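Scroll down for the structure; my scribbles are underneath it.
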Amino acid sequence: MNDEEINYWLDMFDKISQSVEEAIINARQDPDVTNITKMGADGTPTHKIDEYAEKAALDMIESSGKSLIVISEEIGTLKVGDDMAEYVIVMDPLDGTSNAMKNIPCYGISLALAPISGDDLSNVTLEDIEVGYVKNFSISDVYRAVKGRGATKNDEKMNISSITRASDSTLCTYIYRAKPGVLDKLCSSVRRMRLIGAIAVELCYVADGTYDVFLDIGQVRVLDIAASQLIIKENGGLITDRNKMPLKSRLDLIEKTSIIATTNKELQEDVLQLID
């Protein structure tokens, strides 16, 4: 992607984010905003607040006049425009739905962009993501990354942690996805554990040094990590699957993977030794 394309999409992502944030604010006036309305395309319950967020995002994307493919939690995979698609957008319009409904200050939007040629997504993977964008609506922090050009938080360089030992680290992990006993040693070995409930935002916490480790040895959706995995890598962090292999999952709504995101290789090795 050239500079013009990159700047266009970063600007568009700002506009999408603003539109979704306004929609969520307006949605709070709806007494039914927390109701479950249907099952989303990903097989999980859709709350009305999710529908507000996704509609706002899609309306903005469709107004761009671009031909592309959108992958989103509620609608699944959608073709936008009449011509052959030039890009695919992988988005979670509301990352941390439960937090948003309860006003817990960690929820936002995740947007990732990969160039494609035509409408075939079969060979497009996480490695093809070239632009990543995550905003934590509750505190207005914006994370951006462009492949090969670095990552920023609120347009400034981030300082990633230099912690190399699990015993010194702050770790986030989704315990309920692990088999009983698998994480016992790890949980008793790290210095601090955190779990707020917004994967895209919390992965960015690894990029900016708030967390040292994010771990999900179960199955996290590619949808949730498409943007933030690039943000981590572009700020010098490390994110792989549980077997230390690069993330190469296809860009597909139901595609899942294990992940371990750390600030460096030494910390990754130390954490993995503590998993039974």
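Just so it is clear, the values below take in all heavy atoms, side chains as well, and ignore hydrogens, waters and symmetry mates. For clarity, every value in this text was computed on a predicted model and none was experimentally measured.
Shortest non-hydrogen contact noted between Val206 and Thr263 is O-CG2, 4.2 Å. Smallest separation of non-hydrogen atoms from Ala85 and Ile69: CB-CG1, 3.9 Å. Across all their heavy atoms, Ala53 and Leu94 have their closest contact at CB-CB, 4.0 Å. The minimum heavy-atom distance between Ser67 and Asp82, with the atom names listed, is OG-N, 3.6 Å. What you find for Leu274 and Ala166 is that their closest heavy atoms are CD1-CB, 3.6 Å. Here the closest non-hydrogen pair linking Glu127 and Lys147 is O-NZ, 2.5 Å.
In this structure the side chain of Ser64 reaches within 4.5 angstrom of the side chain of Met12, judged on heavy atoms. Counting only heavy atoms from C-beta outward, the side chains of Leu215 and Ile275 approach each other to under 4.5 Å. With a 4.5 Å cut-off on side-chain heavy atoms, Ile75 and Glu54 count as touching. Looking at heavy atoms from C-beta onward, Val222 lies in side-chain contact with Leu251 at the 4.5 angstrom threshold. Within the 4.5 Å cutoff, the side chain of Thr170 has no heavy atoms near those of the Val213 side chain. Side-chain contact between Lys48 and Asp30 is present, with at least one heavy-atom pair separated by less than 4.5 Å. A 4.5 Å side-chain heavy-atom check between Ile16 and Ile61 finds at least one atom pair inside the cut-off. Side-chain atoms of Ser110 and Ser228, non-hydrogen and from C-beta on, never get closer than 4.5 Å to each other.
Scored by the salt bridge (Lys or Arg N to Asp or Glu O under 4.0 Å) test, Glu255 finds Arg250 as partners (sequence neighbours excluded). Applying the salt bridge (Lys or Arg N to Asp or Glu O under 4.0 Å) test to Glu74 and every residue at least two apart in sequence or in another chain returns nothing. With sequence neighbours excluded, the residues satisfying side chain to side chain contact (heavy atoms under 4.5 Å, CB included) with Ala112 are Val90, Ile129, Ala226, Ala227. With sequence neighbours excluded, the residues satisfying side chain to side chain contact (heavy atoms under 4.5 Å, CB included) with Glu62 are Asp59, Leu78, Val80. By the side chain to side chain contact (heavy atoms under 4.5 Å, CB included) test, Lys102 pairs with Ile104, sequence neighbours left out. Remark: Leu247 pairs with Leu126, Ile225, Gln229, Ile239, Asp241, Thr257, Ile259 by the side chain to side chain contact (heavy atoms under 4.5 Å, CB included) rule, at least two apart or across chains.
Linking ILVMFWY side-chain heavy atoms closer than 4.5 Å, directly or via other members, places Leu230 and Ile116 in a single hydrophobic cluster. Cluster membership check: Ile89 does not share its hydrophobic cluster with Val134, using side-chain heavy-atom separations under 4.5 Å among Ile, Leu, Val, Met, Phe, Trp and Tyr. Hydrophobic clustering of Ile, Leu, Val, Met, Phe, Trp and Tyr side chains at less than 4.5 Å, counting indirect connections, unites Val33 with Ile24.
Although no hydrogens or angles enter the test, the distance criterion places a donor-acceptor pair under 3.5 Å between the side chain of Glu234 and the main chain of Gly150. At distances below 3.5 Å, at least one donor-acceptor pair connects side-chain atoms of Glu5 with backbone N or O atoms of Asn2. Asp32 contributes no side-chain N or O that, together with a main-chain N or O of Asn35, makes up a donor-acceptor pair within less than 3.5 Å. The backbone N or O of Arg242 sits less than 3.5 Å from a side-chain atom of Ser258, completing a donor-acceptor pair.
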Margin query: Using the rule given for side-chain contact (heavy atoms from CB on, under 4.5 Å), can you reason through Thr34 versus Ile49, listing the C-alpha separation, both sets of side-chain angles and the distance that settles it, and then say yes or no?
Written below: CA-CA 6 Å; Thr34 62; Ile49 194 171; over 6 Å; no
Notebook entry, point to check: Stepwise, does the side-chain contact (heavy atoms from CB on, under 4.5 Å) test hold for Thr77 with Val70?
Noted result: CA-CA 6 Å; Thr77 302; Val70 179; over 6 Å; no
Next item on the list: Begin with the C-alpha distance, continue with both residues' side-chain angles, and end with the deciding distance and a verdict on side-chain contact (heavy atoms from CB on, under 4.5 Å) for Met60 and Gln18.
Entry: CA-CA 10 Å; Met60 186 60 66; Gln18 181 180 353; over 6 Å; no
Checklist line | Verdict with supporting geometry, Lys248 and Asp128, salt bridge (charged side-chain N to carboxylate O under 4.0 Å, His left out) | finding: CA-CA 9 Å; Lys248 296 183 178 182; Asp128 296 308; over 6 Å; no
Next item on the list: Could you go through the side-chain contact (heavy atoms from CB on, under 4.5 Å) check for Lys244 and Leu272 one step at a time?
Entry: CA-CA 9 Å; Lys244 299 186 287 186; Leu272 289 174; 3.4 Å; yes
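The ring pair (Phe, Tyr, Trp, His ring centres under 6.0 Å) analysis of residues 213-242, with sequence neighbours excluded, yields the pairs Tyr174-Phe214. Among pairs with a residue in residues 19-71, none fulfils ring pair (Phe, Tyr, Trp, His ring centres under 6.0 Å), at least two apart in sequence or across chains. Pairs engaging residues 64-116 under the ring pair (Phe, Tyr, Trp, His ring centres under 6.0 Å) rule: Trp9-Tyr87 [sequence neighbours left out]. Counting only residues at least two apart or on different chains, no ring pair (Phe, Tyr, Trp, His ring centres under 6.0 Å) pair has a member in residues 136-162. Listed by first and then second residue, the salt bridge (Lys or Arg N to Asp or Glu O under 4.0 Å) pairs that reach into residues 152-171 are Asp141-Lys153, Arg144-Asp155, Lys153-Asp208, Arg165-Asp168, sequence neighbours excluded.
How far CG of Asn264 is from OG of Ser161: 7.5 Å, rounded to the nearest 0.5 Å. Taken from OG in Ser17 to CG in Leu111, the straight-line distance is 7.0 Å, to the nearest 0.5 Å. Note that CE of Met84 is 13.0 Å distant from CG of Leu68, once rounded to the nearest 0.5 Å. To the nearest 0.5 Å, the span separating CG on Leu267 from CG on Asp212 amounts to 6.0 Å. In this structure, OG on Ser72 lies 13.5 Å from NZ on Lys55, to the nearest 0.5 angstrom. Atoms NZ and CG, from Lys15 and Leu10 in turn, are 12.0 Å apart once rounded to the nearest 0.5 Å.
Thr37 and Glu51 are linked by a side-chain donor-acceptor pair at a separation below 3.5 angstrom, with hydrogens and angles left out of the test. Judged purely by distance below 3.5 Å, without hydrogens or angles, the side chains of Asp50 and Thr97 pair a donor atom with an acceptor atom. Checking Thr240 against Gln268 by side-chain atom types alone, a donor-acceptor pair falls below 3.5 Å.
By the 4.0 Å N-to-carboxylate-O rule, Arg221 lies too far from Asp252 to be salt-bridged with it.
More than 12 heavy atoms of other shown residues, nucleotides or ligands fall within 6.0 angstrom of atom CG in Asn7.
Judged by the 6.0 Å distance and 45° axis criteria, Lys135 is not positioned over the aromatic ring of Phe13.
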Donor-acceptor pairs under 3.5 Å, side chain of residues 190-204 to any protein atom, not counting sequence neighbours: which ones?
unit_1	atom_1	unit_2	atom_2	d
Glu202	OE1	Ile196	N	3.4
Glu202	OE1	Gly197	N	2.8
Glu202	OE1	Ala198	N	3.1
Glu202	OE2	Ile196	N	3.0
Glu202	OE2	Tyr211	OH	2.6

